[in-house]
Structures are given as structure tokens and as C-alpha cells.
Number of protein chains: 4
Amino acid sequence: MAAQRPLSPRKRPTQRRSQATVEAILKAGARVFARRGYAGGTTNHIAEVAGVSIGTLYEYFPNKGAILVAIAQSQLDRMIAEVQHSIAEGGVDEPLADLLHRFVSTMLEVHESDPKLHRVLFGEAPHPSELHACVLQMEETLAHTIEARLSACPEVAALDADTAAHLVVQTVEALTHRFVHHGIHDLARDAFIDEVVALLGSYLTRKL
Amino acid sequence: MAAQRPLSPRKRPTQRRSQATVEAILKAGARVFARRGYAGGTTNHIAEVAGVSIGTLYEYFPNKGAILVAIAQSQLDRMIAEVQHSIAEGGVDEPLADLLHRFVSTMLEVHESDPKLHRVLFGEAPHPSELHACVLQMEETLAHTIEARLSACPEVAALDADTAAHLVVQTVEALTHRFVHHGIHDLARDAFIDEVVALLGSYLTRKL
Amino acid sequence: MAAQRPLSPRKRPTQRRSQATVEAILKAGARVFARRGYAGGTTNHIAEVAGVSIGTLYEYFPNKGAILVAIAQSQLDRMIAEVQHSIAEGGVDEPLADLLHRFVSTMLEVHESDPKLHRVLFGEAPHPSELHACVLQMEETLAHTIEARLSACPEVAALDADTAAHLVVQTVEALTHRFVHHGIHDLARDAFIDEVVALLGSYLTRKL
Amino acid sequence: MAAQRPLSPRKRPTQRRSQATVEAILKAGARVFARRGYAGGTTNHIAEVAGVSIGTLYEYFPNKGAILVAIAQSQLDRMIAEVQHSIAEGGVDEPLADLLHRFVSTMLEVHESDPKLHRVLFGEAPHPSELHACVLQMEETLAHTIEARLSACPEVAALDADTAAHLVVQTVEALTHRFVHHGIHDLARDAFIDEVVALLGSYLTRKL
DNA sequence: AATGAATGAGAGTTCATTCAT
DNA sequence: AATGAATGAACTCTCATTCAT
């Protein structure tokens, strides 16, 4: 195990060339980790794929974990952005089912965009604890977004909107992850979405 | 990365002594993996904790992965047994909520019994594909059990009982796992169970 | 910089084969360090010279520093033994000059036995702090030995025998080291010994 | 190990700015080497502390060793200057003990001025051979100075003044170095000086 | 005169696995 | 049935140095 070091990038790449280098490394890292897993993906391999010397890689990232964290962070940012964008799309008086459908679909799309990488980033362990914190924070952000939207929905009758929102996010996160990686029963993609929408819809609109 | 090899134990430990040796190794493996993760747990360390030489360990297990699989298998077997036992407990005319409550509680207990080990076995990757298959099969078994019980429940109105059962199992699996490892919102244990029961209950009894 | 680890050997080599292996490693280490210095001598090189795989080397020594310390320890032990033996040789009523002569000669011989190695062990830095402690302790031991002998010498008139003994040891240590490594003036070996004997003799027998 | 290259500075810094740059590098080098040793002090770190880019550093020094040598040279020059100044202070008919006392004190002061740096410069190895030569030459210079002064001293009765002077210098060098770095016995500073003075005084004034 | 991004050989170390005993 | 000494490929990471700008 390497000594604990800050996992934030070492240098701020100020020059144009450095910018490109950093991006090449991250892109290469994503590919290498996706293909071979975190433990199996070596820094030398990443450097090679990035077309950069190993020394250069370590110029910008203090260690292997920092590369992973940087990749994960950008994935999470993208995830949040897409979900927020997707949720904002519908009108205010849109039926709950449509809203949920869009939410689940978007989450599914995000997971599908690079399943292997996703599995490594969020399914593997052990990981730098930074990564874990990022994920938790993402879920928190998503829960807030969802809660705000649900509270504007007349159909929804939750005693504790906060808790409900968190449960919804966790459930969607977990089920889409599983669906993408090993399927659920023999459910087709659309059927899966419908089923999850039914699960969440009946929960959120249940008689108390 | 080791070459692919059969992951089943090498010898059938027919004799008493061998039995004990194998068990010692599995127990040691569980402890070591729980404490240090899969990658961090070395076979030499396992052998040492088991009070056995490294040579003996390889006499019974062809490689590191096989130890993990064996440990996982026994955990999964226990899981299935406990759930089946727990589900069988209630009477036939028992309310759905009570049944679900018992199911969720049992799953939670199983996850709580050794969270660290559980995380390594079912949260970490990469793992021998055998392990993955075992987990899928366990979920299948659980789904069957649940389905059988639900079909006897008058409240339940599912179009596709099979799919519903799978979704229920997946959801409970995923949510209890998450709850044990990093909590969900700030939900207390009991509140968590109630919430999951509500989620599943409203889904299973929804008006179609 | 490697993380701090115990520098004592890892395994007690109980079997005959291991004994030989450890000795081969120490011998190879002595040669390699002597030839290339501590920093320049690599563990891989030592293993190669020892005719042993790098893994085997690390089976017995937790890191490079431990090899150095082990080599140094044995050198120091030899040093102490030779000096004690040499000092014990003379009769009780032996003239001081003869005693000193033997002491200086012996120290010189020890330093001459493998000057390059000696320089690395006791002239280089930075070194594991263990090594420093060993050297200090050796000097302490030598000082005690010398003091005991000097106190039996009627010619010696020291106010503080303890201090005098330490100064004598330090001086001989330092001057022989320097003489061996870059000579002092153009002094021939014998002349050097005589001069040091004169230095110490006049000091120990001075009128107070 | 770097290829052997000339260790003298690359450019003559004729301009003011260059002067300042060189001095900044030397000062930074002194600090960095003192703090982290020679091997542990990196050229990048030195450049950073000097507030200069690594490229600029290599504009003035062909390699790491050259920086060390330059630092050492200036220390040695200072050493010689201080000793010469100190020796010249006393009157011609001053007692030998006073002269020696001043000499030892001055050497001690010089060693004490920056012990860490001193240890790195003159205690560590391996070093560029240039450095070794510088040290030898310094000792030669010091020996000449001492010899000249001693030959004017009626108390001194050395057969070979040259040799005696060298031995004196070597002894003082070695003992003050040791005293500063790990003490000698439990001798206080003053007591140490007195003892060394006694050692040298009795040697220089001994009956032949 | 100065920069700093890039280099890459090579360092120390680990650990799953083998096989002679 | 059991041992444990030995293996060595492969890992992460460092740092003196270069050279295009």
C-alpha cells in the first residue's frame, strides 16, 4: 500500500501543452481501467496509452489513485449534470410517472455510456476514500434535486420527503447499476424502466 | 494476474485432519480478507493465520481466488438458508407487510453479521467469474423462494410474479448492502426497514 | 525514502540451507556496497552476486538498510573482539607505549581489512539510525575496555580516566580511518603508528 | 549515477543578475542539502527554493555534484580564513596552550555554524572526487599555517614539524567533527576544548 | 537569460506460486 | 500430508537531466 498522499493533481496545468497532456492521461486511464480493472491497470500502461512518458504522468498525478479519483470526479459531474438537465425538462404539471421515467432513463443512459469503467469506478474496491466521499456527495446532490422536484408534485404524498428522495436515488442507482452489469431477470431495457417506475411511483403515491 | 485455473478445491478432504485444515484456511481467509481486502490479503498471511504452511494451503486450493470463492459460497449458502427459514416462519394468512418485514430484517442481519467480509466478497472486484455466477444463482434461488411465498398472498397483484420477485430481491439486496456500508440518509435501522417494506409493499399491492 | 520498518532480519534461518543463503547475501552485500557505495549498490545487484533471487533476499531482510546494518554489526563485533584480544595479550607490567602500539596497530589492521567497505559502513551517510547507534555502542565498549586496562597502568596519570579513554578511542578511530582512506601527510604505516602512540602516550602520562 | 562531467560552473556570471542567481542557488543548495542530505536533496527542490527554474539551475551548474562542490569550496575558504585570522591574533610569545585553545575553539565554531550542512559536505559520501581534493588541500593549507606558527614557539619540540602539524590538524578536524555531531562521552563544550588542548599540548611539548 | 514540460532508466519492493524435501 | 525456502515477473514511483520555446 502506498503511503497516504494527497490525491489531488500535482500541478495546475497552466500551459496549453500540459492541458492536453492531462487530458490524454485521463482518457488513457479511463480506457485502461475499464479494460483491466483498477488493480490490473498499471500506471506504465496508462502512460503508454496516453503517449506520454511515465515521468510525465507522475508530474501531474501523485499516484495511481489520484488518476482514478480524477476520472471518477468527472464522471460524477457529468452524471449530476445530465440528471439535473433531464429532470428540468418536464413541465410543472407533468405526471409523476413521466418524471420518474425520464429520471430512470437518464440514469440508465449514464450507466450505459461506459459500463466497464463505471463498474471499476463505483463497483470495485478498495478505493481511495476520497472517491467514496465523492460518490456520497453525488448521491446527496441528486437527492436534493429529486426532492425539490417531487415536492412540487401534487401526486406525491410522502411523510418525509427527504428520506423518500434518498431512497429513490439509492434504489435507482443500485438497480440501474445491476441492470447494466448483469441484467435483472430477463427484463428488456424498456420493461426494466417501466418496472422501476412502477416501484417508485407506487411508493411515492401510496396511501399513508 | 494468474492464469485461469479451475477454482474448485483440489482435494476432497475425506479425512478428519484435512477437514480441519480446510476449515482453518477458510476461517483464516475470511478474517484476512475482511481485514485487508482481497488484493491486500496475501495467501502467505492466510496460511500463517490458519497455522498452516503455505505449501499446505496450495495443497487444498489451487489459487487465491478459489479460497475467496469457497468463503463466498458458504456465506451464500447461509444466506439462502436463513432467508428460507425466516420466510417459512409466518402463517399462510399473514399480512404482506409482516412477511416483507421479516425478509428485509433477515437480509439486513445477514449483511450485518460480518460487513467487512461481505463488502469484500460482494462489493469488491475483480473477482473470479465463478463468484459472480454464485451470486446470480443465489439471487435466483431467493427470487424463487420469494415468488412462491408471494403467490400465496392474496394482497399481491402482480402481472408478472417472476419479475416482481426478482426486482424485490435485487432491491432488498442492494439497499441493505448500502445501508450496512454507508447508511442511507440518516435513517435508523428500524426506520430503514419500515421504509423498504413500504417501498416493496406499495409496489406489490399497487392497482394495475 | 522507504517507510520505516524494523531493520532486523525477517526470518531466523533455522535450516541449513537458509543459513548459507543469509551468509551469501551478507557477503554479496559487503562486496557490492564496497564497490559501489550504499546508494549505488542495488538490492537486485546484491541478489545477483549472491546467486539468489531478489525475492529470496527480501525473505530474509525487510529492506536494503537491514542488509547494511547486518554487515556493519558483524564488522563491529569483529572489531571489538580483535581489539579486546589484542589488548589482553600484553603482561600487566608492560610499558604503556607497547600497549598503545598494539591497540593502534590492531585498529589499523581492522580498518585495512576492507577499507572500501569500511568507508561505506562508517563514513557514508545517511544511514539507518540503527547503524549509528551500533557504532556509538562499539565505541563505548572499546572505551570501557581501554579504561580498564589503562587504570592498571602505573604510568598513566589521568584525572578522569573515563574521559581519557573515550578521547583515546575516538582519536584512534578517527586517525586510523583517515590514514587508511587518504593517508596523513606522507607518513608511512609504521611512522603513523609511532606518531599516534606518541600523541596518546604523552597525553596519558602528562604531568598535571 | 551520472556520467562524469566537469564540475566547474558552466558560465562565468559576469553580469549582476547572474551573480545573484548563482548565489541564490548556492544558498538554496546549502539549505536543501542540510535538511535532506545530498542524495535526498533534489535539484528540482533546490531550484524551487532558489526561486529559479530548473532550467536556469542547469544553466549555471552542469550537474548536482557541481553545486555541492561549490558550496563546499566556499565553506572551506571560510574555514581557512577564520583559522588563519584566529591564529594570527595571539602575540609571538603567547603560551602554546593559549594558541591551541584558540585554534580548537575556532575549528569548533566553524563546525558548529551549520552542523547539518557540514555533515553532508564532509561526512557523507560518495561525493565528487573534486570535493575530496578540496578537503585535502584545505587540510594542507591549515597544516602549513599551523606549522609556521608552531615553529615560532619555543615550547614546541618536534622532530618533524611538518608531520606534527598535519597530525594536529587531522586530530582537531576529526575530533571537533565528532564532538559536534554526536558528542564525545558526556564532555561539555569547554571541557572538550581543554581536553583536546591537553592532548595536543602534551604531544607537541613532549620530551623526545 | 530563463523557462518548465518532458524524459525514462532504474530504484526498492511484493506476493502468488512451485517443488525438493 | 505437510513443509517452507525459493522464485522472479511485475509493480509503483523518483529524479537528474534535456531542449524546444
Side-chain angles (χ1 to χ4, degrees), chain A residues 1-3 5 11 13-18 20-22 39-40 42-45 47 52-65, chain B residues 1-3 5 11 13 15 17-18 21 39-48 52-65, chain C residues 1-3 5 11 13-18 20-22 39-47 52-65, chain D residues 1-3 5 11 13 15 17-18 21 39-48 52-65:
Chain A
M1 312 279 115
R5 300 266 229 95
K11 277 188 187 175
T14 46
Q15 303 195 357
R16 195 95 47 48
R17 182 153 57 132
S18 329
T21 301
V22 166
T42 76
T43 50
N44 277 298
H45 196 165
V52 152
S53 89
I54 182 66
T56 298
L57 184 151
Y58 277 95
E59 204 70 36
Y60 294 103
F61 297 92
N63 50 49
K64 191 177 163 180
Chain B
M1 306 287 109
R5 305 268 231 92
K11 294 184 181 177
Q15 306 198 357
R17 180 145 62 130
S18 315
T21 302
T42 74
T43 50
N44 279 291
H45 194 172
I46 293 173
E48 196 189 349
V52 152
S53 87
I54 182 65
T56 299
L57 185 151
Y58 275 91
E59 208 65 43
Y60 291 103
F61 296 90
N63 51 47
K64 192 177 166 181
Chain C
M1 308 282 113
R5 302 268 229 94
K11 278 188 188 176
T14 45
Q15 303 194 357
R16 201 110 24 59
R17 182 151 58 133
S18 329
T21 301
V22 167
T42 75
T43 49
N44 278 293
H45 196 163
I46 293 173
V52 153
S53 90
I54 183 64
T56 298
L57 185 152
Y58 278 93
E59 204 70 36
Y60 294 102
F61 298 91
N63 49 48
K64 191 178 162 180
Chain D
M1 307 285 106
R5 303 269 232 92
K11 293 183 181 178
Q15 306 197 356
R17 179 147 59 130
S18 315
T21 301
T42 74
T43 50
N44 279 290
H45 194 172
I46 293 173
E48 195 189 350
V52 154
S53 87
I54 182 64
T56 299
L57 184 151
Y58 275 91
E59 209 65 41
Y60 291 104
F61 296 91
N63 50 48
K64 192 179 168 182

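By convention in this document, chain letters (A, B, ...) are assigned in the order of the sequence lines, proteins followed by strands, and residues within each chain are numbered from 1.
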Length of the line joining [X]:[atom1] and [N]:[atom2], which is rounded to integer Å:
X: C/I54; N: E/dA11; atom1: CD1; atom2: P; answer: 11 Å
X: C/Y60; N: E/dT13; atom1: OH; atom2: P; answer: 18 Å
X: A/L57; N: F/dT14; atom1: CG; atom2: P; answer: 12 Å
X: B/N44; N: F/dG4; atom1: CG; atom2: P; answer: 12 Å
X: B/I46; N: E/dT17; atom1: CD1; atom2: P; answer: 11 Å
X: B/K64; N: E/dT14; atom1: NZ; atom2: P; answer: 14 Å
X: D/E59; N: F/dT21; atom1: CD; atom2: P; answer: 17 Å
X: C/F61; N: F/dA6; atom1: CZ; atom2: P; answer: 12 Å

Given DNA chain E, 5'-ward residue of the pair C/T43 and A/T56, judged by closest heavy atom:
A/T56
Nearest-nucleotide wise, let me know which of A/T42 and C/G55 is further upstream toward the 5' end of DNA chain F.
C/G55
For DNA chain E, produce a single dot-bracket line, 5' to 3'. Pairs: Watson-Crick or G-U wobble, both distances under 3.5 Å. Symbols: ( ) within strand, [ ] crossing, | other strand, . unpaired.
.||||||||||||||||||||
When you check the phosphate oxygens OP1 and OP2 of [N], does a side-chain N or O of [X] lie under 4.0 Å from one of them?
X: D/T21; N: E/dA1; result: no
X: B/Y58; N: E/dT17; result: yes
X: B/S53; N: F/dT3; result: yes

So, taking the atom named CD in D/E59 and the one named OG1 in D/T21, what distance separates them when rounded to the nearest 0.5 Å?
10.5 Å
With rounding to the nearest 0.5 angstrom, report the CG to CG distance, B/L57 to B/N63.
10.0 Å
Given D/S53 and D/T56, is the side chain to side chain donor-acceptor pair (under 3.5 Å) satisfied, shown in steps?
CA-CA 5 Å; D/S53 87; D/T56 299; 3.2 Å; yes
Just so I know, are the side chains of A/F61 and A/T43 near enough to count as touching, which here means a heavy-atom distance under 4.5 Å?
no
